[in-house]
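Notes to accompany the following structure.
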There are 2 protein chains.
Amino acid sequence: MDEFQPPGRLVTLTDVAREAGVGESTVSRVLRNHGSSSKRARERVAEAVARLGYVPNRLAGSLAGPGASAQLAGVIVPSLANVVFPDLLRGLTGALDAVGIRCVIGVSDYDPDREEALAAALLSWRPAALLLTGLEHNPATVALARAGGVRVVEMIDTDGAGIDAVVGFSNRAVGAASARHLVARGYRRIAYLGHDLQVDLRAGKRLAGFEAALGEAGLSLHGREIRPGPSSPGSGRAGLEVLLARHPDLDAVYFSNDDMALGGYFACLSAGLSVPGRIALFGFNGLDFAAAMPQPLSTVRTPRLEIGRQAAACLLGESPKRIDLGFELIEGATA
Amino acid sequence: MDEFQPPGRLVTLTDVAREAGVGESTVSRVLRNHGSSSKRARERVAEAVARLGYVPNRLAGSLAGPGASAQLAGVIVPSLANVVFPDLLRGLTGALDAVGIRCVIGVSDYDPDREEALAAALLSWRPAALLLTGLEHNPATVALARAGGVRVVEMIDTDGAGIDAVVGFSNRAVGAASARHLVARGYRRIAYLGHDLQVDLRAGKRLAGFEAALGEAGLSLHGREIRPGPSSPGSGRAGLEVLLARHPDLDAVYFSNDDMALGGYFACLSAGLSVPGRIALFGFNGLDFAAAMPQPLSTVRTPRLEIGRQAAACLLGESPKRIDLGFELIEGATA
DNA sequence: AACCGGATTGGCAGCGCTGCCAAAAGTCGC
DNA sequence: GCGACTTTTGGCAGCGCTGCCAATCCGGTT
């Protein structure tokens, strides 16, 4: 901790060995608590490390070590603007921290080509695993992941085949459950209000499941509005206004997520429309605010943190290859 | 891209060199586009790389290279549950991506000791820079950062001295501006509603600035409620109920952030209290939903993305050592 | 045709660390 | 006090790549 600061050069393991009066291997063994060492050696090394302020160089360690790094995990998420992904990361980092693995992150902006480039970039750090979001990737991305010699975990979506391990829930099933709930409650003129589907494929799968379940009930979507850009309360608010103008007889709206639904709720408050009397609202995600609303939002709670945690378990090889964590429909008071 | 997959071993630069029929140095030079090379060499290398599916090993590259890694940045945030930090990361990754630097993240959970441990762990990857949140750290963390031979950027808070570079805004000033706004609008019985201050030091600084400005106006806080745990709409809602029960004559509430304020707004809606007639609400952060509310929330918008971007510029050495990005008071309709 | 300067190239040491192996130091029983 | 073990230790090669340097090549000169 002292102010030793060899101008350009950082303290190396060799320096520690010299300072402690032992061999390099001994320092290495002591530091990693691997193999046997005498109490005396441990003490001298600890002293030297403290005196010199030694910080091991894992670049070198991983390079010399067995397969690869095994101490980094590459994570690619499509966005950080949507709470879902920070939550995922939260679960991941929480679980990986405990075993000393750090996450290197990449944000693809929902662009498969950027995802591909990021996959290559992250693999060049020889991570222990590559964590992707969703099941849809460029063929080249899949090839990279396969050839990379790393474990691959795809998170969030279980509607389809994965490269290796898959942890999430069925977005289709969420959509279907949401539709069945609305139908059971007697709503018949149901619209969909979402953000860009080309971009958020999982929202598209929910909608597909939703429409399929409506179909089973002999219904079909009574209007739909797709807003450009990412989801946000502002977008939800504006979208609901458009939708109501176009279909004044709507009795329920299924939103692509809670943020959009919150905006819709605000639009209703502003317009003085009673919820769910005049119009019912149904969201997705089960965010914190949903339960705090004057009328708790009807929505589906997704196991975001748990997906992160299970993905961590997966990459440590402690879990099955395919985990469906399900979801929970929250009845709420808006639908 | 083919299915070459030498059982255990990954493709190395040497393999590429052999395949291309050139020397290792040539491959290295071509791949990094550094030094001169003939067109023919470039073509043969590109071919070999494609044929073998070569992914460079940056662990080795960084180890062999000059100073250190210079391709990784270590980022420590206190939490991922609060939008502020994902926004910060968004700005950071966006700007660093362009120059090929990846972020390795650590989440400290607002614990200085964990922060210290994370700093050591991240430094062991020999990052080009270490990005911390706030200005308060363990002395050991500071020593590590100083000795690590890396650029250090402290983000968000400018109220105090930094280790090296500092990018953010003055939380004290935010608090003071908020207080002055409320006072100017005629509110006199103002309470504070926040989450754990021991933990979120920046919220504490805002409160200090707020109280100081109240003092200048001859006022003092008319009640305060500190909720345990992280901020959330639920906590804000419950907190406001407590506060109103205790101080029925309150005319305004300053919240530790917009999430808390949203909960407060919901509490008012539920209780049928008119806002801001009966009670005024003032938040902090300027989140998306604030503008979509039936009455836009009065709050302060903070340049979160921009802080991330500027921090990136800082660590690339393109910026001054201290950047105050200011903030914007949004008058809104709730105070 | 011999020569010259710049462009291009390959060999090789070495970045800091770990794994392997043989040497050295302890331990124990008799 | 001595051999047979077991524990602890240090030397050294080598992980995959880059920087350095000397060798080679090329085109145009004289």
Can you work out whether B/Ala60 or B/Arg40 has the more 5'-proximal nearest nucleotide on DNA chain C?
B/Arg40

What N/O pairs connect the protein and nucleotides 24-26 of chain C at under 3.5 Å? Give each pair on its own line.
none

Using atom CG of A/Leu63 as one end and atom P of D/dA13 as the other, report the distance to the nearest whole Å.
17 Å

Can you confirm whether A/Leu316 sits close enough to A/Ile101 that some side-chain heavy atom of one is under 4.5 Å from a side-chain heavy atom of the other?
yes

Tell me which nucleotide among C/dG16, D/dG16, C/dT18 gets nearest to the side chain of B/Asn57.
D/dG16

Let me know the distance between NE2 of A/His34 and P of C/dC17, rounded to the nearest Å.
17 Å

Taking CD from A/Gln71 and C1' from C/dT18, how many angstroms apart are they, rounded to a whole number?
13 Å

Distance, rounded to the nearest Å, where B/Leu52 contributes CG and D/dG16 contributes P:
14 Å

Separation between CG (A/Leu59) and CD (A/Gln71), nearest 0.5 Å, reads 11.5 Å

Can you tell me how far P of C/dC12 sits from CG of B/Leu13, to the nearest Å?
16 Å

Quickly work out the B/Leu123 CG to C/dG16 P distance and round it to whole Å.
16 Å

Is a side-chain N or O of A/Thr93 found less than 3.5 angstrom from the main chain of B/Gly106, in a donor-acceptor match?
no

When rounded to the nearest 0.5 angstrom, what is the spacing between SG in A/Cys314 and CD in A/Glu154?
11.0 Å

Quick one: salt bridge (charged side-chain N to carboxylate O under 4.0 Å, His left out) partners of B/Arg44, sequence neighbours excluded?
none

Round to a whole Å and report the spacing from CD of B/Glu24 to P of D/dG19.
14 Å

Tested for side chain to side chain contact (heavy atoms under 4.5 Å, CB included) against A/Glu115, the lone hit among A/Leu132, A/Thr133, A/Asn138 is A/Leu132

Verify the contact: side-chain N or O of B/Thr26 to OP1 or OP2 of C/dG10, cut-off strictly under 4.0 Å; return yes or no.
yes

Result for side-chain hydrogen bond (donor to acceptor under 3.5 Å, both in side chains) between A/Asp164 and one of A/Lys321, A/Arg151, A/Arg146 points to A/Lys321

What do the steps show when you test B/Glu43 against B/Arg40 for salt bridge (charged side-chain N to carboxylate O under 4.0 Å, His left out), and what is the final call?
CA-CA 5 Å; B/Glu43 288 169 354; B/Arg40 181 172 154 288; over 6 Å; no

Inter-residue atom distance B/Asp87.CG - A/Leu80.CG, 0.5 Å rounding:
8.5 Å

Side-chain donor/acceptor of A/Ser25 to base of D/dG11, under 3.5 Å:
yes

Can you tell me how far P of C/dG16 sits from CG of A/Leu59, to the nearest Å?
11 Å

So B/Arg32, base contact, sugar-phosphate only, or nothing? Heavy-atom distance under 4.0 Å.
sugar-phosphate

Please list each protein N or O that sits under 3.5 Å from an N or O in nucleotides 4-8 of chain C, with the distance.
none

